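Note sheet for the following structure.
Heads up: numbering here begins at 1 and tracks the sequence. Whatever order the structure lists ligands and atoms in, that order sets their numbers, starting from 1. This is a predicted model, so every value here is computed, not measured.
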Amino acid sequence: MSEKTAVLLLQMGGPDSLEAVEPFLVNLFTDRDIIRIGPSFLQPFIARLIARKRARPVERKYEEIGGKSPIRELTEAQAQALEEALGEGYRCFTAMRYWKPTTVEALAAIRREGITRIIALSLYPHYSRATTGSSVNELKRVLDQSGAGFDITYVDRFYDHPRYIEALAEKIKEGLDDFHPLAEVQILFSAHSLPQSFIDEGDPYLSHIEETVRLVMERFEGVTYHLAFQSRAGPVKWLEPSTEEMLEHLAAHQVKNLLMVPLSFVSDHIETLHEIDIEYAMLAHKLGYARFRRSPSLNCSPAFIDCLADLVRNKLK
Ligand SMILES: C=CC1=C(C)c2cc3[nH]c(cc4nc(cc5[nH]c(cc1n2)c(C)c5CCC(=O)O)C(CCC(=O)O)=C4C)c(C)c3C=C
Ligand SMILES: [Fe+2]
Ligand SMILES: [Fe+2]
């Protein structure tokens, strides 16, 4: 029998309990690929201070969505669906950048199965140094220390893959179906924000996001749409406009029916379940929107799993 290939899904991870919130935040704020705070030797200490200060309010948000992030279960379900789609010859694993299972644990699991060929598949459709770059750097560090014998290739972006675009379009269609057929609905794409300095230094994230939006909207001719950025996490200049600003702006222009479309994530997590579904929904209500909805996240959408399977198969050609 020929040797199997491991597909290693790279994702951010999220706290799996309220107690995990603070150490998860410490891991995130210690990572200089996502944020640089002071000289590198001081960052681990500053990260602890920031995490301690931020932990309580963030815990409260996780409390309101069930006491933890659903990102591990959802990513493992994607891994299982992908394994089924790929069929014999493949095993799928997940590595979380800031929580469990860690990259070390994932590689150990692959080694236990005697697999040496790995395709590392980042689950961030749009490349950024802060996300995919960080996960790949972590993987390379771990491989340098204990990865002898692995043969590894990378898929680090898929923002324009036709099946990804199709998967998003299907979810948008589902979202639009939730409005009255005669209602005039506008679409607001909400991508995770990024400090402007990343873009100024050449990060392609914004151009990838814009291309995804352009390709998706080719399928919704005549629908008015906007792009804004959510989830700023620090006192620097972030991408603009923010989603809050855009909600206010559209309300001032008498927009009444709005479909939010989360970009940048391929599964539900705190920023869809809390930030959009609770915080922005409350703001929208206050601003007088008649109907405010969110298109479902991709999660295990068959079109999306098919996209992942295609990315893997193309790597082996
Ligand atoms: C510190 C700066 C941050 C940058 C830059 C950043 C970019 C970035 N993040 C995602 C996706 C996710 N981020 C999530 C949580 C999260 N992100 C930051 C900070 C930055 N993100 C923090 C501090 C947190 C924790 C929650 C909070 O304190 O508000 C998550 C959620 C994980 C989960 O709970 O399930 C995701 C997913 C992208 C795509 C991105 C840049 C492109
Ligand atoms: Fe983030
Ligand atoms: Fe305007």
Q: Give the single entry among Asp16, Ile65, Leu28, Leu123 that approaches atom 22 (C) of ligand 1 most closely by any heavy atom.
A: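 It is Leu28 whose heavy atom sits nearest to atom 22 (C) of ligand 1.
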Q: Determine, considering heavy atoms only, which of Arg97, His192, His126, Arg129 sits nearest to atom 10 (C) of ligand 1.
A: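 The nearest heavy atom belongs to His192.
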Q | Side-chain heavy-atom pair Ile37, Leu42 within 4.5 angstrom cut-off | A |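 No, side chains not in contact.
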Q) Hey, are the side chains of Ser267 and Gln78 touching, using non-hydrogen atoms and a 4.5 Å cut-off? A)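 With C-beta onward as the side chain, the pair touches.
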Under 4.0 Å from any heavy atom of [X], which atoms of ligand 1 are there?
X	result
Phe29	1 (C), 23 (C)
Ala233	19 (C)
Pro195	5 (C)
Ile35	1 (C)
Phe265	11 (C), 37 (C)
Val58	27 (C), 28 (O)
Glu271	12 (C), 13 (N), 14 (C), 15 (C), 16 (C), 30 (C), 36 (C)

Q) Mind checking whether Phe265 and His269 have parallel, tilted or perpendicular rings, split at 30° and 60°? A)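 Correct class here is perpendicular.
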Q. Please state which protein non-hydrogen atom is closest to atom 20 (C) of ligand 1 and give its distance, to 0.1 Å?
A.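 Protein heavy atom with the smallest distance to atom 20 (C) of ligand 1: Ile34 CD1, 3.8 Å.
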Compute the shortest N/O to N/O distance between [X] and ligand 1 and return yes if it is under 3.5 Å, no if not.
X	answer
Ser69	yes
Trp238	no
Arg54	yes

Q. Is there a heavy atom in Gly13 that sits closer than 4.0 Å to ligand 1?
A.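 The answer is yes: ligand 1 sits under 4.0 Å from a heavy atom of Gly13.
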Q.
I'd like to know if Phe198 contacts ligand 1, where contact means a heavy-atom distance under 4.0 Å to any ligand atom.
A.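 No, Phe198 has no heavy atom closer than 4.0 Å to ligand 1.
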**Q.** Axial cation check for Phe229 ring with Arg232, 6.0 Å and 45° limits
**A.**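 Here Arg232 fails the 6.0 Å and 45° test against Phe229.
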Q.
What I want to check is whether the side chains of Asp156 and Thr132 have a donor and an acceptor closer together than 3.5 Å.
A.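 Short answer, no.
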